[in-house]
Structure formats: C-alpha cells, structure tokens
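Have a look at the structure below, then the notes.
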Number of protein chains: 2
Amino acid sequence: MTSVVPGATRNTRQRAQVLGLLEATDGFRSAQQLHASLRDGGAQVGLTTVYRTLQLLADAGEVDQMRLPDGEQLYRRCGGSRHHHHLVCRECGRAIEVEGPAVERWAQAQAVAHGFVDVDHTIEIVGTCADCAAR
Amino acid sequence: MTSVVPGATRNTRQRAQVLGLLEATDGFRSAQQLHASLRDGGAQVGLTTVYRTLQLLADAGEVDQMRLPDGEQLYRRCGGSRHHHHLVCRECGRAIEVEGPAVERWAQAQAVAHGFVDVDHTIEIVGTCADCAAR
DNA sequence: AGCGCTACTGATAACGATTGTCAACTCCGA
DNA sequence: TCGGAGTTGACAATCGTTATCAGTAGCGCT
Ligand SMILES: [Mn+2]
Ligand SMILES: [Mn+2]
Ligand SMILES: [Zn+2]
Ligand SMILES: [Zn+2]
C-alpha cells in the first residue's frame with residue numbers, strides 16, 4: 001500500500017506532486033505559495049487539491065503546521081515521527097526542528113497540577129536567522 | 001492620564017465598556033462574543049470598535065491573545081505585567097496563567113544556539129478542565 | 001486489456017472573521 | 001463654550017479557507 005499520502009486510498013499525480021514539492025522545500029510555506037510554485041513549474045494542480053492534500057498530510061503527521069500572526073496557515077515537510085517543535089525565521093521561513101524533553105514534562109505537569117486531562121500544547125520559537133539578520 | 005486604555009488619547013464610553021466586560025470575564029472570549037455580550041447587556045457599541053479596542057489593549061499588554069485551531073482570535077484580561085503563558089480549557093475557555101522560567105531559558109538558548117536574534121516565542125497548553133471532563 | 005465503481009479533482013461559489021472606508025459624532029484642552 | 005482632531009459605527013471590501021458538484025481517473029476485478 002506504499003501510498004504517497006498515508007491514509008488516502010488512491011495515489012494520484014497531484015498528491016505526488018504536492019508531496020514532491022514539500023520534500024524539495026525547507027522552511028514553512030503557505031498553501032497558496034505551494035500552489036503557485038507548482039503552477040510555475042508546469043504542474044497541473046488545483047488550489048483546492050493543494051489544500052486537501054496538505055490537510056491529509058497534516059492529519060497523517062507527515063507535515064507540521066504553524067500559523068503566522070495574521071492567521072495564515074503554513075506547512076512544512078516534517079522530519080521524523082518524533083514529537084518536536086520549531087525554531088522559525090520570521091523573515092525567510094527557515095525552520096529548525098528542536099526537542100525539549102524537559103519542556104514537554106513541564107507542560108504536562110502544569111496541566112495535571114490543575115486537574116486538566118487530554119492535554120496538548122503548542123510551542124514555537126520565532127526569531128530572525130543569522131543570514132537574514134546580516135542582510 | 002488615568003486612561004481606561006493605555007496608549008489611547010481619549011477615554012470613551014465604549015472603551016470603558018469593553019474593558020469593563022473583560023474585567024468581569026475569566027477565560028478567553030472572541031471579539032464577536034464580547035460584542036454580543038455588550039449588546040445583550042444594553043450597551044451601545046459597534047463591532048468595529050470592539051475589534052479596535054481589543055487591538056489597542058493587546059498592543060498595550062493589557063490583554064492576552066490566543067488563537068483557536070480554526071484561526072479565530074481570542075482575548076482575555078491579563079493578570080500582572082509579568083511574562084507568562086496559559087493553560088486553557090478547550091471546552092469552556094477557562095484559562096490559568098502559568099510561569100516557567102526554565103522554559104523561557106530553554107527557548108532563548110535554542111534560538112541563540114542557532115544564531116537567531118530578536119527571539120520571541122509562543123507557548124500554550126490546551127486541555128479539558130476537571131469540571132468539563134466531569135460533565 | 002477492458003469494465004465499473006467510487007475516490008478524487010478543480011472551477012466556482014460560499015463562507016466568515018477581520019479590516020478599510022468615511023461621514024457623523026464627541027471627548028477635551030484652550 | 002468652542003473648535004478640531006481623535007473616535008465611532010454602519011457598511012463594503014478583503015482574503016484565506018471550505019463547500020459544491022459535475023466530470024475525471026485510480027485500481028480492484030474479471
Ligand atoms: Mn517538523
Ligand atoms: Mn494572561
Ligand atoms: Zn531567515
Ligand atoms: Zn472547561
């Protein structure tokens with residue numbers, strides 16, 4: 001069942017192209033940016049399909065999602081299956097995956113201490129990368 | 001200059017009403033929810049003004065902002081001026097302010113280690129509170 | 001290889017939260 | 001009290017995302 005998109009039942013050209021572009025891209029990109037890149041590259045993919053495929057990939061844990069201050073959704077091919085967070089450049093979108101076992105435990109402990117269950121968390125570090133700062 | 005909204009030059013009835021409602025509310029609420037509450041309470045305030053006032057308060061650090069998974073913005077009267085984060089109930093919006101000096105240092109250290117400058121971060125813990133879990 | 005079922009696609013319309021517009025209004029200092 | 005600049009609010013516009021739905025094309029089956 002070697003499917004391009006885990007969870008989906010059919011392998012389509014469009015899904016392969018979206019995932020292919022994500023593989024070749026580092027840093028977070030929006031659905032619209034990805035769609036534009038595909039069209040520019042000659043690929044024939046609808047914007048709706050890009051959104052749908054990204055949602056499938058996100059649900060399957062194959063891509064990470066983050067949100068800009070203005071609410072726009074960004075996507076990025078996700079490294080391993082290990083739980084992690086991101087250090088993102090606010091200028092160029094470059095993203096570095098980071099882990100922090102201590103932070104995970106802290107978040108869980110805070111929630112439990114207040115009687116919360118089914119706990120989740122979002123942690124994002126934003127800054128300007130060395131390259132963009134030098135520019 | 002005892003203004004209801006720090007940074008603003010004039011004290012208006014509308015701004016006082018918005019801030020007054022926030023004072024009497026615990027948990028995160030959306031601009032539209034706050035507007036509806038004001039109208040229900042007989043207050044005469046436009047939705048646009050509610051948005052603008054919330055933005056002013058957020059810029060002044062008087063309210064905290066967070067975002068639901070669907071992108072909707074939520075606001076909450078912020079306790080002290082100390083930097084902190086929130087433990088939020090996904091059911092009822094109840095919010096508890098939490099601090100974690102170790103987490104702050106971790107985020108800063110991660111960024112610096114990768115050459116990032118002008119670092120910021122967002123940390124939110126989401127779960128179901130004891131009351132909502134019991135329901 | 002051919003067939004048929006149905007998942008999938010995509011142009012388009014709809015949606016909904018937020019922001020822009022601008023004439024009318026009202027704080028507030030002089 | 002007056003004047004004008006900050007503020008308001010009904011309404012229009014924006015824009016990322018989702019819903020429609022008729023047409024298309026994977027893929028299991030024979
Ligand atoms: Mn990742
Ligand atoms: Mn707070
Ligand atoms: Zn950068
Ligand atoms: Zn609750």
Side-chain angles (χ1 to χ4, degrees), chain A residues 1-21 28-60 62-76 93, chain B residues 1-21 28-60 62-76 93:
Chain A
M1 46 90 90
T2 335
S3 63
V4 280
V5 177
T9 66
R10 292 182 187 176
N11 297 315
T12 67
R13 168 182 54 78
Q14 291 90 337
R15 284 175 180 170
Q17 288 175 320
V18 170
L19 187 55
L21 176 56
F28 282 88
R29 294 288 129 73
S30 72
Q32 315 234 19
Q33 286 177 322
L34 294 169
H35 178 244
S37 293
L38 288 171
R39 300 300 277 262
D40 289 349
Q44 182 70 25
V45 185
L47 177 59
T48 307
T49 297
V50 173
Y51 273 108
R52 276 190 296 236
T53 302
L54 288 171
Q55 196 54 60
L56 282 174
L57 290 168
D59 292 344
E62 295 295 317
V63 303
D64 289 315
Q65 290 176 284
M66 73 158 288
R67 217 174 261 286
L68 288 181
D70 72 357
E72 190 176 18
Q73 281 272 9
L74 301 184
Y75 306 84
R76 177 179 190 265
Chain B
M1 49 93 85
T2 335
S3 62
V4 280
V5 177
T9 64
R10 291 183 188 176
N11 298 314
T12 66
R13 168 182 54 78
Q14 292 89 338
R15 284 174 180 171
Q17 287 175 320
V18 170
L19 187 54
L21 176 55
F28 282 87
R29 293 288 128 74
S30 71
Q32 315 236 17
Q33 286 177 322
L34 294 170
H35 177 246
S37 294
L38 288 171
R39 300 301 275 263
D40 289 349
Q44 183 70 24
V45 185
L47 177 59
T48 307
T49 297
V50 173
Y51 273 107
R52 276 190 295 236
T53 302
L54 288 171
Q55 196 55 61
L56 281 175
L57 290 169
D59 291 345
E62 295 294 317
V63 303
D64 289 314
Q65 292 175 283
M66 72 158 289
R67 215 174 261 286
L68 288 181
D70 71 358
E72 190 177 17
Q73 280 271 9
L74 302 183
Y75 306 84
R76 176 180 191 266

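Throughout, a chain's letter reflects where its sequence line sits, starting with A, and its residues are numbered from 1.
- B:Pro69 pairs by the side chain to side chain contact (heavy atoms under 4.5 Å, CB included) definition with nothing, not counting sequence neighbours.
- Scanning both residues, A:Leu54 and A:Val63, for their nearest heavy atoms gives O-CG2, 4.0 Å.
- The stretch residues 65-75 of chain A participates, sequence neighbours left out, in no salt bridge (charged side-chain N to carboxylate O under 4.0 Å, His left out) pair at all.
- Only A:Val45, A:Gly46, A:Thr48, A:Thr49, A:Arg52, listed by number, bring a heavy atom of residues 45-52 of chain A to less than 4.0 angstrom from any atom of DNA chain C.
- Nearest heavy atoms, A:Ala60 versus A:Pro6: CB-O, 3.7 Å.
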Side-chain donor-acceptor pairs under 3.5 Å in residues 31-41 of chain A, sequence neighbours left out?
unit_1  : atom_1 : unit_2  : atom_2 : d
A:Gln32 : NE2    : A:Tyr51 : OH     : 3.3
A:Gln33 : OE1    : A:Ser30 : N      : 2.9
A:His35 : NE2    : A:Arg39 : NH1    : 3.0
A:His35 : NE2    : A:Val45 : O      : 3.0
A:His35 : NE2    : A:Leu47 : N      : 3.3
A:Ser37 : OG     : A:Gln33 : O      : 3.2
A:Arg39 : NH1    : A:Val45 : O      : 2.9

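- Every residue was checked against the side chain to side chain donor-acceptor pair (under 3.5 Å) condition with A:Arg10, not counting sequence neighbours, and none meets it.
- In this entry the distance linking CE of A:Met66 with C1' of D:dG16 reads 16 Å, nearest Å.
- Applying the salt bridge (charged side-chain N to carboxylate O under 4.0 Å, His left out) test to B:Arg76 and every residue at least two apart in sequence or in another chain returns B:Glu97.
- Five base pairs at each end of the helix from C:dA1-D:dT30 to C:dA30-D:dT1 define two local axes, and these are offset by 30° (rounded to 10°).
- OP1 or OP2 of D:dG16 sits under 4.0 Å from a side-chain N or O of A:Gln32.
- B:Ala16 pairs by the side chain to side chain contact (heavy atoms under 4.5 Å, CB included) definition with B:Val4, not counting sequence neighbours.
- Between A:His35 atom NE2 and D:dT17 atom P there is a gap of 13 Å when expressed in whole angstrom units.
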Under 3.5 Å, N/O pairs linking protein and nucleotides 22-26 of chain D:
unit_1 : atom_1 : unit_2  : atom_2 : d
D:dG26 : N2     : A:Arg10 : NH2    : 3.1

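- Between A:Phe28 and A:Leu74, the shortest heavy-atom contact is CB-CB, 3.7 Å.
- Scored by the side chain to side chain contact (heavy atoms under 4.5 Å, CB included) test, B:Gln65 finds B:Gln55, B:Ala58, B:Gln73, B:Tyr75 as partners (sequence neighbours excluded).
- Remark: C1' of D:dT17 and CZ of B:Arg67 are 14 Å apart, rounded to the nearest angstrom.
- Bounding nucleotides for the chain B contact on DNA chain C, 5' to 3', at a heavy-atom distance below 4.0 Å, are C:dA17 to C:dC28.
- If B:Arg15 and B:Arg39 are placed on DNA chain D by their nearest nucleotide, the residue sitting closer to the 5' end is B:Arg15.
- Interatomic distance, B:Leu56 CG to B:Leu19 CG, rounded to the nearest 0.5 Å: 11.0 Å.
- Here D:dC15 presents its C1' atom at 10 Å from CD of A:Glu72, a figure rounded to the nearest Å.
- Remark: P of D:dC15 and CG of A:Leu68 are 15 Å apart, rounded to the nearest angstrom.
- Residues satisfying the side chain to side chain contact (heavy atoms under 4.5 Å, CB included) test with B:Arg52, not counting sequence neighbours, are B:Thr48, B:Thr49.
- A donor-acceptor contact shorter than 3.5 Å is absent between the side chain of A:Arg15 and the backbone of A:Ser3.
- Within the 4.0 angstrom heavy-atom criterion, only backbone atoms of the sugar-phosphate kind lie near B:Gln44; the bases stay farther away.
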